[in-house]
Number of protein chains: 2
Amino acid sequence: MTSRPPRPRERGIPEATVARLPVYLRALQALQDRGTLTVSSEALASAAGVNSAKLRKDLSHLGSYGTRGVGYEVEYLVYQISRELGLTQDWAVAIAGIGNLGRALANYGGFGTRGFRIAALLDADPAMVGQSVASLDVRHIDNLEDVVRSTGVSIGVITTPAASAQGVATRFVQAGVASILNFAPVVLNVPDGVDVRKVDLSIELQILAFHAQRRADGDGRDAERAGLELM
Amino acid sequence: MTSRPPRPRERGIPEATVARLPVYLRALQALQDRGTLTVSSEALASAAGVNSAKLRKDLSHLGSYGTRGVGYEVEYLVYQISRELGLTQDWAVAIAGIGNLGRALANYGGFGTRGFRIAALLDADPAMVGQSVASLDVRHIDNLEDVVRSTGVSIGVITTPAASAQGVATRFVQAGVASILNFAPVVLNVPDGVDVRKVDLSIELQILAFHAQRRADGDGRDAERAGLELM
DNA sequence: ACGTGCTTGTGAAAGCATGCACAAAGTGGG
DNA sequence: CCCACTTTGTGCATGCTTTCACAAGCACGT
């Protein structure tokens, strides 16, 4: 029951590792573009901004894809990580809320290259509906269920105002969408089994402000502290 | 040397706690808008989407601001968290890269209300320079140092293409900006003491895809798994 | 065929974060 | 004034993450 070689990975890659795999993938693709064939954990770790022991442990969760004394074959590793992340299949994404941010996402080219295809745009504003954004017609949010079903959407992105976000999320879920990326500044309530990730610009700024203040306090209070001057 | 009451908090709030304080703050402000005067850890935790023990431990790092048997006074807690996060002062933010995303951020009203003021917009495209976005003139990126100094910018937001991001980051740092929020899909290299946070849309989607695939694999392989059907 | 040198993969230790469960501390009613 | 009730603040146990340090393994030159 524990024969590893044929199907190397067990279920259960740590969450922290999953969050770093896309970073490794991007670094590897950059190497690939430059024609690099193999890379050591040290070099890849430095390109990805992590420590090499962490990188090796992360990769070890996918299987034993390196060669001792040599490193990792870039192309093979790109494939293995892509497969693990589910990027070898095609994911249809719907964006709800075509304001500034929704438009910015719709026009962002970075998705298409990695298995994500923007399949539908939805908005509640009648003036918006029917307009063409990034070569897609904006549909009215009332058609959410139809649109999800007919275009096979499995990931929903919410860029609506905060007040509408929960409603849209609930409709996504009821239409069978179990993965949601939420940009609205609210905590979404969804049933178990639905995966919500949140991106919140204002929270990131607040975290930066906290650290900036701490630096400033330290400088003021205990004269020079470790920090900027140790380079 | 360990007298607590007068200045309750020691240095060193855990990073995980810092990341949640903005969420609590938002939930508290929503309560405040509804006229709520006090709130229990249970109620606030549920509004913030966390468990109440975690909330209490988080808040205990700031000091003892609750009343046993009653809860927390909303207004007082808003003030304490704001102060801890450094939101009682005003932070000048510069946005470099006025593409779709940069414009979306510039026009997003959510910052102003919480101590952040967009003080400058920068772009490398001569056609963009001089245009007015969100009532600010776009300046050429070559003026970065001048702009930072003259407007007192202390937080830099990078929404440039990936290829330009590292250059802009380096210039921000040399101009004295020690807090950077990076939307470009690259790992930035900065000296110690500079705080970089990354927001990466494509990474979030990839993490969602991973979990979505895992759900699908499970359903296919071991018939029905725990998940959507347990509601 | 064998030894040398390099790099991976992984136990084991240390460090964080989470959640339980309860004592401590306050409120309000009788 | 005391008792019952509520809710905070926190010690402790558990689990997850990171980091160290080194044995195992492979390539290459001789």
Side-chain angles (χ1 to χ4, degrees), chain A residues 2-5 7-21 23-24 27-28 31 36-74 76-77 80-81 84 207 211, chain B residues 2 4-5 8-24 27-28 31 36-74 76-77 80-81 84 207 210-211:
Chain A
T2 41
S3 67
R4 206 79 48 76
R7 186 164 43 78
R9 68 196 191 286
E10 321 267 328
R11 288 290 116 205
I13 296 177
E15 199 48 41
T17 295
V18 172
R20 282 185 297 263
L21 289 179
V23 180
Y24 304 154
L28 283 164
L31 290 170
T36 311
L37 295 180
T38 64
V39 66
S40 70
S41 65
E42 197 70 52
L44 181 54
S46 128
V50 302
N51 133 341
S52 72
K54 180 146 65 181
L55 174 84
R56 287 199 298 278
K57 184 148 286 185
D58 281 344
L59 293 184
S60 79
H61 286 112
L62 315 190
S64 239
Y65 296 142
T67 308
R68 295 173 191 225
V70 177
Y72 301 89
E73 195 198 329
V74 174
Y76 186 53
L77 198 50
Q80 290 300 341
I81 295 180
E84 194 64 50
I207 297 174
H211 291 297
Chain B
T2 40
R4 207 80 49 76
R9 68 195 189 287
E10 322 266 328
R11 290 289 116 206
I13 296 177
E15 199 47 40
T17 295
V18 172
R20 282 186 295 263
L21 289 179
V23 181
Y24 303 155
L28 283 164
L31 289 170
T36 311
L37 296 180
T38 64
V39 66
S40 71
S41 64
E42 197 70 52
L44 181 54
S46 129
V50 301
N51 132 342
S52 72
K54 182 145 65 181
L55 173 81
R56 288 197 299 277
K57 187 153 289 186
D58 282 343
L59 293 183
S60 79
H61 287 113
L62 314 190
S64 239
Y65 296 141
T67 308
R68 295 174 191 226
V70 177
Y72 301 90
E73 196 199 330
V74 174
Y76 185 54
L77 197 51
Q80 291 299 341
I81 295 180
E84 194 64 50
I207 297 173
F210 171 82
H211 292 298

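Letters A, B, ... are given to chains in the order of the sequence lines, protein chains preceding strands, and every chain is numbered from 1.
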Novice: Whole angstroms only, please: what is the OH-P distance between Y65(B) and dA25(C)?
Specialist: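 Atom-to-atom, Y65(B) to dA25(C), this comes out as 19 Å.
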Novice: For a 4.5 angstrom cut-off between non-hydrogen side-chain atoms, does R56(A) reach S60(A)?
Specialist: no
Novice: How close or far is atom C1' of dT17(D) from atom CG of L55(A), stated in whole angstroms?
Specialist: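 Taking CG of L55(A) and C1' of dT17(D), I get 15 Å after rounding.
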Novice: How many whole angstroms separate atom NZ of K54(B) from atom C1' of dG9(D)?
Specialist: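 So the two atoms are 17 Å apart, to the nearest Å.
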Novice: Is any side-chain N or O of S41(A) closer than 4.0 Å to OP1 or OP2 of dT7(C)?
Specialist: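 No, because none of the side-chain N or O atoms of S41(A) sits under 4.0 Å from OP1 or OP2 of dT7(C).
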Novice: Let me see the working for Y24(A) and V50(A) under side chain to side chain contact (heavy atoms under 4.5 Å, CB included), right down to the final yes or no.
Specialist: CA-CA 10 Å; Y24(A) 304 154; V50(A) 302; 3.9 Å; yes
Novice: With the side chain of R56(A) defined as its heavy atoms from C-beta on, choose the nearest nucleotide among dG9(C), dT7(D), dC20(C).
Specialist: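 The closest nucleotide is dG9(C).
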Novice: Roughly, in whole Å, what's the span from CG in N51(A) to C1' in dA14(C)?
Specialist: 14 Å
Novice: Between protein and nucleic acid, restricted to nucleotides 25-30 of chain D and to nitrogen or oxygen atoms under 3.5 Å apart, what atom pairs and distances do you find?
Specialist:
none

Novice: So which of L37(A), V39(A), L77(A) actually passes side-chain contact (heavy atoms from CB on, under 4.5 Å) with L31(A)?
Specialist: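 The residue from L37(A), V39(A), L77(A) that satisfies side-chain contact (heavy atoms from CB on, under 4.5 Å) with L31(A) turns out to be V39(A).
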Novice: Heavy-atom distance under 4.5 Å between the side chains of R20(B) and K54(B), does that happen here?
Specialist: yes
Novice: Are there over 12 heavy-atom neighbours, none belonging to E15(A), within less than 6.0 Å of that residue's CD?
Specialist: yes
Novice: Touch check for A53(B), heavy atoms < 4.0 angstrom, all strands: base, sugar-phosphate only, or nothing?
Specialist: base
Novice: Atom OH of Y72(B) to atom C1' of dA25(C): distance rounded to whole Å?
Specialist: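 So the OH-C1' distance, Y72(B) to dA25(C), works out to 13 Å.
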Novice: Can you check whether R20(A) has a side-chain N or O nearer than 4.0 Å to OP1 or OP2 of dT18(D)?
Specialist: yes
Novice: Output the rounded distance in Å from CD (E42(A)) to C1' (dG9(C)).
Specialist: 15 Å
Novice: Do K57(A) side-chain and dT19(D) base share a donor-acceptor contact under 3.5 Å?
Specialist: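 Side chain to base: pair present.
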Novice: Which whole-number value in Å describes the distance from E15(B) CD to dG15(C) C1'?
Specialist: 15 Å
Novice: Rounded to whole angstrom units, what separation is found between the NE2 atom of H61(A) and the C1' atom of dT8(C)?
Specialist: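 Taking atom C1' of dT8(C) as the reference, NE2 of H61(A) is at 15 Å.
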Novice: Taking all atoms of both residues into account, what is the closest heavy-atom pair of T36(A) and T38(A), and its distance?
Specialist: CG2-O, 3.3 Å
Novice: Mind listing the closest non-hydrogen atom pair of L44(A) and A27(A) along with its distance?
Specialist: CD1-CB, 3.8 Å
